[in-house]
2 protein chains.
Amino acid sequence: MVTLEDVAKQAGVSLATASRVLNGSTRQVGAALRARVEQAADELGYRANIAAQTLARGAGNVIGIVVHDLTDPYFAALADGAMRAAATQGLLVMVGTTHRDPEQEIAYVATLSAQRVRAVLLVGSRVADPQVTGRLRDELARYRAGGGRAACVGQDLLGVDTVAPANRAGAAELARALAGLGHTRFAVLAGPPHLVTAADRCAGFAGALEELGLPAPQIVPGPFDRDGGHEAARRVDPDVTCVFAVNDVMAVGALAAYREAGVRVPEDVSVAGFDDIVTLRDHVPALTTVRLPLKDMGARALELALAEDVAPVVEQVAGEVVLRESVRRLG
Amino acid sequence: MVTLEDVAKQAGVSLATASRVLNGSTRQVGAALRARVEQAADELGYRANIAAQTLARGAGNVIGIVVHDLTDPYFAALADGAMRAAATQGLLVMVGTTHRDPEQEIAYVATLSAQRVRAVLLVGSRVADPQVTGRLRDELARYRAGGGRAACVGQDLLGVDTVAPANRAGAAELARALAGLGHTRFAVLAGPPHLVTAADRCAGFAGALEELGLPAPQIVPGPFDRDGGHEAARRVDPDVTCVFAVNDVMAVGALAAYREAGVRVPEDVSVAGFDDIVTLRDHVPALTTVRLPLKDMGARALELALAEDVAPVVEQVAGEVVLRESVRRLG
DNA sequence: GGCACAATGGAAACCGCTTTCCAAGGGGGA
DNA sequence: TCCCCCTTGGAAAGCGGTTTCCATTGTGCC
């Protein structure tokens, strides 16, 4: 590959001058030389070696994003938001998918840290295991000690800037809205108990029901994805009139399960989700959910990560209950 | 950040030895020193600086993948397939989204090339503009001249390894299948005319109809995304009995448009798509489509890119027509 | 016991670029 | 006209690793 030295030689200038012309610098270079360098670079098809630049400058122009599952619209939206924000700053994005394995998440932080990325974004729920979280914290701390920046979308458990959706509050508000429709027998497709997001939403929902003096909902655990919702829906008690899936993809799975079983939604059972992923608009019946501004959250997380803050800032993001056809008024 | 030199000092060995212990080498290091180095690295929390490694080794462990839109399930599936394949090889992935701007695609190739990524994957349709394609080819050629590898999912227009879905053949077969159901008046939600994938599918479909002696379909151009399908569906002539959207997300948009307009699918109009994106299973009515093994294609493209081939290899991928409820037999 | 050779450790060159530090040239003010 | 300061170009020292090339030591064999 053609190097800066080749360009400098061809232009008959020093390495320093070539560097100043081509790769940005505070220093001025005379018009004549500048033109010669640019022409030489063009003729030779020079492309700066970013690895070398990164090494010399001590900081690169790439950021890392770690998500659980890129094919899940929730993560896709978050990642897209972050990537758009990154693009406006001239940053490249390295994406890692953990496929929901917390160990993978730690490994990615280590790898991204080794890459000396400018910032890493951890997108997605934490797990309840303090041991795992501890190791992740350690890895992050080491990375940040070396000047790295980090932010997280999810729970404020890592000691870094965090965009934290109000999972409990959102779920509670949803519960009140559904109860307001006359429902009393609920089930929660609760996801995995150790997933903090899932647990929070479940707890928020159940807590609100309790405050209203309603019976405790049936808790149906399962995976946090579409198939998890599909499968969990089939374990719901027959007397339940309203099912809350702790995220939209699970709710979509549940809708499918009901459709297959010939159970009508919302006539026979009401269904609600959480997140308001964009693809919901194409599902029938339209799904009641709690809207989260996913793209903005992703973008915001990147901003936070890049900002020069002293102490980690935690930003709460409220969810907004959106009632749609998948729930009906009872009685 | 702690450097290899710190580790070497702490362990009381040379830089060379430390490097050999920690970052892999053909050379053996005695057990005693090896242990000392490992302990030192562990105590200090050493993480190799990949930028430096990349520079010294002349090749990094990152691949680049450029997609049009990561929130589109089609690209998400392809990217996920490629990322899984990359992970098994210990490669990291840098993702760029062009948001369907061909210039962005060229820019990303330049940037990734500057990053000295091991390989770049261009995922998604080419555009018909020979000028743009030419510039992209140039950029790719330069990258490959420097030892970079490249592959493409889409049309074989770039002179690189290509995984090429059989768009024309798939669409043609779909047309025959639909005609076999008794339809004669077709419309094609054709996407943008300059998008080769869209144009090929459209041409394949229309060509098959012509061979069957059926009237030419109504061609309705528009954007290649869900909203494009939604909008295009409303411009379809009333006498059309069967609508082919050149990709699934457009078909999903069309289904939504019909639902909103009170047009029943398939009773009033049949609808078919292309790709068989995984999310289809949750739409009603279930969409007839042409199945493409998206994840495999992504993985395969990565393999091709990494393989040591002399001449670019082009691999055709056949599509399989999948008839589902969204189409009905006529008469 | 002596020698060739394999195994192992270290010094130093190098990867490609940035940036400090100098040197030299040029312009403006006194 | 002289001096000082501001510009501009270049030499060279890193950035943090890898790897070649030696030097040294230990081993097997005659």
My understanding is that only one of B:Glu139, B:Arg137, B:Gln131 makes a side-chain contact (heavy atoms from CB on, under 4.5 Å) with B:Arg135; could you say which?
B:Gln131

For A:Asp72, give me all partners under salt bridge (charged side-chain N to carboxylate O under 4.0 Å, His left out), at least two apart in sequence or on another chain.
A:Arg100

Contacted region of DNA chain D by chain A, from 5' end to 3' end of the hits, cut-off under 4.0 Å to heavy atoms, spans D:dT8 to D:dG16

By side-chain hydrogen bond (donor to acceptor under 3.5 Å, both in side chains) - contacts of A:Gln39 (at least two apart):
A:Glu43

Could you give all pairs that pass the salt bridge (Lys or Arg N to Asp or Glu O under 4.0 Å) test and reach residues 118-130 of chain B, with sequence neighbours left out?
B:Glu105-B:Arg126

Whether each nucleotide of nucleotides 8-19 of chain C has a protein heavy atom under 4.0 Å at its base (B), only at its sugar-phosphate (S) or at neither (-) is summarised, 5' to 3', as BBBB---BBBBB

Name all pairs fulfilling the side chain to side chain donor-acceptor pair (under 3.5 Å) condition that reach into residues 78-95 of chain A, sequence neighbours left out, sorted by first residue then second.
A:Asp80-A:Arg84, A:Asp80-A:Lys295, A:Arg84-B:His99

I'd like a table of donor-acceptor pairs (distance under 3.5 Å, sequence neighbours excluded) in which one partner is a side-chain atom from residues 52-63 of chain B, with atom names and distances.
from, atom 1, to, atom 2, distance (Å)
B:Thr54, OG1, B:Ile50, O, 2.7
B:Asn61, OD1, A:Gln115, NE2, 3.3

Is there any side chain to side chain donor-acceptor pair (under 3.5 Å) pair reaching into residues 297-314 of chain A, and which pairs are they, with sequence neighbours excluded?
A:Arg149-A:Glu308, A:Arg300-A:Glu303, A:Arg300-A:Glu315

With A:Glu38 via salt bridge (charged side-chain N to carboxylate O under 4.0 Å, His left out) - residues at least two apart:
A:Arg34

Could I get the full list of ring pair (Phe, Tyr, Trp, His ring centres under 6.0 Å) partners for A:Tyr143, not counting sequence neighbours?
none

Restricting to salt bridge (charged side-chain N to carboxylate O under 4.0 Å, His left out), what partner residues turn up for A:Arg144, sequence neighbours left out?
none

Between the two end axes of the helix from C:dG1-D:dC30 to C:dA30-D:dT1, each built from 5 base pairs, what angle do you get to the nearest 10°?
40°

